[in-house]
Number of protein chains: 2
Amino acid sequence: MPLPRHDTGRAPTRLEGRATWLVGRAYLRSSGLLGAGFENHGDGLRSYHYRLLAALEEWGPASQADLGRRTGIDRSDVTAALVELESRTLVERSADPEHNRRKIVTITPAGVERLLELDKVIDGIQEEFLAPLTAAQQRQFIRLLTRLADAER
Amino acid sequence: MPLPRHDTGRAPTRLEGRATWLVGRAYLRSSGLLGAGFENHGDGLRSYHYRLLAALEEWGPASQADLGRRTGIDRSDVTAALVELESRTLVERSADPEHNRRKIVTITPAGVERLLELDKVIDGIQEEFLAPLTAAQQRQFIRLLTRLADAER
DNA sequence: ATCCAGTGTTGGCCTTGCCAACATAGCCAA
DNA sequence: TTGGCTATGTTGGCAAGGCCAACACTGGAT
């Protein structure tokens, strides 16, 4: 999958030291590893699918709108991803009996199974991604990163 | 300036703690801030333009192909960005006398000026981005990030 | 003289995150 | 009860960023 090159040459020094630049490069590596992981072991599923399966497994059945709100995925993208998941019987969609427009989405046993497989793959990628750091550094990195990721703006 | 929402709800817990997820969120925040900065003070220039100006200022005149190799930007995108920069007279392109097909790109005084302005904007964004961390944490974060960003794979 | 590698350009593709419009369903108030 | 408001799922599209392929050249190397 689209994995950036940056084959040759270093970036201009005014970029090299900047946090935003480094975060971009780290993200590039991260998403490269994830992309490769999904490609090799994901059977065509993408990160959206994983997120939705995880949400369903953790919070139980939900409407598509709820799913979108809680995962931060747009309604339209939720629809598309669920259609895909349903076609693989990893998920079931049924009409809400008390609200005919709404659909209740449920993860199937096969969906849970697939989710656990993906978990393993993704855990492996975490190790690979963090490999350049010692265990203590990894903990520290995640601590700092959490602060930054959750910041107000 | 596409800035993600994630209005409601936390992510599933299996995502929250993972480094790749956090890096993605941090990158989202980073690129959101950068996008806003370019939008407000960038006069329509984007990150490609900044990278090219920076490369030209730091390494001096270069051919487009060299520029692409050294900044990691695709040849075709280099062309498009340079056309834009040239139309604002931030850059000059002239035929290489000893290789008629090649073009030598040079940054103009106005280009340097614009670059320095953008530098200020981007420096401000660094502060904003790193604000949740103490100064010591910021140094540590950048150190760890550098290791991760530059890793082999 | 011929082939090959490099150069700039055009045009296209894919992915991720969005938004807008639509038809429909339920709800609340007047 | 009727009207309006909001919520829901769906379709279709858009934009930015990162790519690739093809093309017409140019200059060297063989």
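From a predicted model like this one, the values you see are computed outputs, not experimental measurements. The analysis underlying the following values was restricted to heavy atoms, covering all of them including side chains, and did not include hydrogens, waters or symmetry mates. Just so it is clear: chains get the letters A, B, ... in the order the sequence lines come, proteins before strands, and each one is counted from 1.
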Below 4.0 Å: OP1/OP2 of [N] and any side-chain N or O of [X]:
| X | N | value |
| --- | --- | --- |
| A:R102 | D:dT6 | no |
| B:R93 | C:dT9 | yes |
| A:Q64 | D:dT10 | yes |

Checklist entry - So among A:R101, A:R102, A:K103, which one has a salt bridge (Lys or Arg N to Asp or Glu O under 4.0 Å) with A:D96? => result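 Exactly one pass, corresponding to A:R102.
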
Checklist entry - Charged N to carboxylate O below 4.0 Å: is that the case for A:R114 and A:E117? => result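 Salt bridge: yes.
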
Item to check | Salt bridge present between B:D123 and B:K120 (N-O < 4.0 angstrom) | outcome: no

Checklist outcome for this item: For A:D119, the side-chain hydrogen bond (donor to acceptor under 3.5 Å, both in side chains) test, sequence neighbours excluded, returns A:Y50, B:R14, B:R18

Checklist outcome for this item: Ranking C:dT7, D:dG9, C:dT16 by distance to the side chain of A:Y48, first place goes to C:dT16

Next on the checklist: Side chain of B:R46, heavy atoms from C-beta onward: which of C:dG8, D:dG17, D:dT8 has the nearest atom to it?
Outcome noted: D:dG17

Next on the checklist: Once salt bridge (charged side-chain N to carboxylate O under 4.0 Å, His left out) is applied, do any residues pair with A:E113, and if so which ones, sequence neighbours excluded?
Outcome noted: none

Item to check | Residue list, salt bridge (charged side-chain N to carboxylate O under 4.0 Å, His left out) with A:R88, at least two apart or on another chain | outcome: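 Only A:D43, A:E84 meet the salt bridge (charged side-chain N to carboxylate O under 4.0 Å, His left out) criterion with A:R88.
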
For atom [atom1] of [X] and atom [atom2] of [N], their distance in whole Å:
| X | N | atom1 | atom2 | value |
| --- | --- | --- | --- | --- |
| A:K103 | C:dT24 | NZ | C1' | 12 Å |
| B:L67 | C:dG8 | CG | P | 9 Å |
| A:R69 | D:dG9 | CZ | C1' | 12 Å |
| A:R51 | C:dT15 | CZ | C1' | 13 Å |
| B:Y27 | C:dT15 | OH | C1' | 13 Å |
| A:H49 | C:dT16 | NE2 | C1' | 13 Å |
| B:L52 | D:dG17 | CG | P | 13 Å |
| B:R25 | C:dG17 | CZ | P | 12 Å |

Sub-3.5 Å donor-acceptor pair from the side chain of [X] to the main-chain atoms of [Y], do we have one?
| X | Y | answer |
| --- | --- | --- |
| B:R29 | A:A151 | no |
| B:Q126 | A:A19 | yes |
| B:D66 | B:A62 | no |
| A:S30 | A:A26 | no |

Next on the checklist: In dot-bracket form, 5' to 3', how is DNA chain C paired? Count Watson-Crick and G-U wobble pairs only if both distances fall under 3.5 Å, and write | where the partner sits on another strand.
Outcome noted: ||||||||||||||||||||||||||||||

Item to check | Straight-line distance of A:I142 CD1 to A:R147 CZ, nearest 0.5 Å | outcome: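 One gets 13.5 Å once the value is rounded to the nearest 0.5 Å.
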
Checklist entry - Within the structure shown, what part of the strands sits under 4.0 Å from B:S47 by heavy-atom distance: base, sugar-phosphate, or nothing? => result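 The residue B:S47 makes no contact with any strand.
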
Taking N or O atoms only and anything under 3.5 Å, show me the protein contacts with nucleotides 27-29 of chain D, one pair per line.
residue : atom : partner : partner atom : Å
D:dG27  : OP1  : B:N100  : N            : 3.2

Checklist entry - Which heavy atom of A:A11 sits nearest a heavy atom of A:W21, and at what distance? => result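 In this case the closest contact between A:A11 and A:W21 is CB-CZ2, 3.6 Å.
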
Checklist outcome for this item: Expected list for residues 74-91 of chain B near DNA chain D, using heavy atoms below 4.0 Å, is B:D74, B:R75, B:S76, B:D77

